[in-house]
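Model, not experiment: these values are computed from the prediction. Worth knowing before you read on, the calculation uses all heavy atoms, side chains too, and leaves out hydrogens, waters and symmetry mates. All residue numbers in this chain count up from 1 along the given sequence.
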Amino acid sequence: MKARIKFRKYGALRFIGHLDVMRFFQKVMRRADIPIAFTGGYSPHMIMSFASPLGIGVTSDAEYFDIELTAPIASKEAVRKMNATMVDGIEVVSFRQIAEEKKMTGMAIVAAADYLVGIKKGSWPENLTTHVGDFMKQESICIIKQTKRSEAEVDIRPLIYHMEVRGGQIFMKLASGSVQNLKPELVMTAFYRFMGMQEEQDCFLFHRLEMYACIQCDEGKKLISLEELGEEIIGK
């Protein structure tokens, strides 16, 4: 049986990197007595995989990782037991059974993510809604993107699915995952350059709202949250 765990990451723990989060949850599995499966061989380790790990400094309401179970456990019981071992800054939201196919893991299927961008230094420029609308009307938005070995010019416009002003913050839905991935920081850099402005160092607050898979349905392709692809495990 495979299960998908959704959790929130907030507060000071936004500065904890992915490897530390993974080690933390390995300890949580033991302390909460979750029947997680291990690999074989001389150095067995817990079978878990994270979907699009969060960057340092970013908070989130929707982080996911998948595990394999050696025995069923009710979703409500698993959430309760894990949260009883948590520290302030991480909270498990849901625990759901998912399909057994390897191709359906969160790491493999994540295709998009929602973000909210706030500002912590200075203030937004005037007529922000108009600027965002004009920015999205562009046919192409080219930026210089750093790779491990070189720099390359990339058109990020096809990777920005939606962008608008919501309650004094900027909402954006971006491509995410192993095939195509766009960080909100790059979008904000491109947006400020479009306005003829230079953003201040570390002036934005980034918050991830949700992650999605792209699913084929009768109406065509649509985005559905990774949580919705799982089912509640009911206890006996």
| field | Lys102 NZ: over 12 foreign heavy atoms closer than 6.0 Å | value | no

| query | Does any N or O in the side chain of Arg157 come within less than 3.5 Å of the main-chain N or O of Met136, such that one atom is a donor and the other an acceptor? | reply | yes

| request: May I ask you to check whether over 12 heavy atoms, not counting those of Glu231, lie within 6.0 Å of atom CD? | output: no

| request: Report yes or no: do Phe206 and Ile16 belong to one cluster of Ile/Leu/Val/Met/Phe/Trp/Tyr joined by side chain heavy-atom distances under 4.5 Å? | output: no

| task | Find the distance between OG1 (Thr189) and CD (Gln198) and round it off to the nearest 0.5 Å. | result | 7.5 Å

| said: Ile170 vs Met172, test: side-chain contact (heavy atoms from CB on, under 4.5 Å). Steps then yes/no. | reply: CA-CA 7 Å; Ile170 293 178; Met172 56 181 76; 4.0 Å; yes

| message | Hydrophobic clusters here meaning ILVMFWY residues chained together by side-chain heavy-atom distances under 4.5 Å, can you tell me if Leu128 and Ile141 are in one? | response | yes

| For the student: nearest non-hydrogen atoms of Met1 and Pro72, plus distance | CE-CB, 3.8 Å

| request: Could you check if a side-chain atom of Lys81 sits within less than 4.5 angstrom of a side-chain atom of Arg31, using non-hydrogen atoms only? | output: no

| Just by modelled atom types, is the Glu91 backbone N or O under 3.5 Å from a matching donor or acceptor in the Asn83 side chain? | no

| task | Quick one: do Val187 and Tyr115 satisfy side-chain contact (heavy atoms from CB on, under 4.5 Å)? Show the steps, please. | result | CA-CA 11 Å; Val187 179; Tyr115 296 91; over 6 Å; no

| message | Is any side-chain heavy atom of Met22 closer than 4.5 Å to one of Leu19? | response | yes

| query | Do you know which of Arg4, Arg208, Lys9, Arg8 makes salt bridge (Lys or Arg N to Asp or Glu O under 4.0 Å) with Glu63? | reply | Arg208

| task | Could you tell me whether a side-chain N or O of His131 sits under 3.5 Å from a main-chain N or O of Glu126, the two making a donor and an acceptor? | result | yes

| How far apart are the closest heavy atoms of Thr85 and Ala32, and which atoms are they? | CG2-N, 4.1 Å

| So, do Phe25 and Val21 sit near enough that their side-chain heavy atoms are less than 4.5 Å apart? | yes

| task | Decide yes or no for Tyr10 and Asp61: does some side-chain heavy atom of the first lie under 4.5 Å from some side-chain heavy atom of the second? | result | no

| query | With a 6.0 Å cut-off on ring centres, are Phe204 and Tyr192 close enough? | reply | yes

| Sequence-distant partners of Phe135, ring-ring contact (aromatic ring centres under 6.0 Å, His included), two or more places apart | Phe191, Phe194

| Approximate separation, where rounding is to 0.5 Å, of Ile5 CD1 and Phe50 CZ | 8.5 Å

| task | Evaluate the side-chain proximity of Lys2 to Asp66: yes if any heavy-atom separation is below 4.5 Å, no if none is. | result | no

| Are the side chain of Trp124 and the backbone N or O of Gly168 linked by a donor-acceptor pair below 3.5 Å? | yes

| said: Distance check, rounded to the nearest 0.5 Å: Leu223 atom CG versus His162 atom NE2? | reply: 12.5 Å

| Would you call Ile109 and Ile215 a side-chain contact if the rule is heavy atoms closer than 4.5 Å? | no

| task | Specify the closest pair of heavy atoms between Phe7 and Tyr64, including all atoms of both residues, with the distance to one decimal. | result | CE2-N, 4.2 Å

| Distance in Å, Gln97 CD paired with Ile73 CD1, rounded so as to fall on 0.5 Å steps | 13.0 Å

| message | Within the 4.5 Å heavy-atom criterion, are Lys222 and Tyr212 side-chain neighbours or not? | response | no

| request: Show your working on side-chain contact (heavy atoms from CB on, under 4.5 Å) between Ile98 and Met104 and close with a plain yes or no. | output: CA-CA 8 Å; Ile98 59 171; Met104 292 301 290; over 6 Å; no

| request: Say whether Leu69 and Ile47 are linked into one hydrophobic cluster, either directly or through other cluster members, by side-chain heavy-atom distances under 4.5 angstrom. | output: no

| query | With no hydrogens and no angle check, do the side chains of Ser176 and Ser52 hold a donor and an acceptor under 3.5 Å apart? | reply | yes

| message | Salt bridge check, Lys6 against Glu227: does any charged N sit closer than 4.0 Å to a carboxylate O? | response | yes

| Nearest heavy atoms of Pro35 and Ala71, plus distance in Å | CG-O, 3.3 Å

| note | Interatomic distance, CD1@Ile67 vs CE@Met46, rounded to 0.5 Å, equals 9.0 Å

| field | Step-by-step side-chain contact (heavy atoms from CB on, under 4.5 Å) determination, Ile160 to Leu174 | value | CA-CA 5 Å; Ile160 307 173; Leu174 308 177; 4.0 Å; yes

| task | Verify, without hydrogens or angle tests, whether Ser75 (side chain) and Phe95 (backbone) share a donor-acceptor contact under 3.5 angstrom. | result | yes

| Given the rule that I, L, V, M, F, W and Y join up when any side-chain heavy atoms are under 4.5 Å apart, are Leu116 and Met188 in one cluster? | no

| said: Please check this pair: side chain of Arg14 against backbone of Gly11, looking for a donor-acceptor N/O pair closer than 3.5 Å. | reply: yes

| note | Leu54 and Ser60 have their tightest heavy-atom pair at CD2-CB, 3.7 Å

| request: Taking the side chain as every heavy atom from C-beta outward, state whether Gln26 and Met29 have any atom pair closer than 4.5 Å. | output: no

| Non-neighbouring partners of Lys173 that pass salt bridge (charged side-chain N to carboxylate O under 4.0 Å, His left out), sequence neighbours left out | Asp114

| request: Determine the minimum heavy-atom distance between Ala108 and Lys103, stating which atoms define it. | output: CB-O, 3.6 Å

| query | If you round to the nearest 0.5 Å, how far is CG of Leu13 from CD1 of Ile90? | reply | 5.0 Å

| Single-linkage hydrophobic cluster Met163~Val117, side-chain heavy atoms < 4.5 angstrom | yes

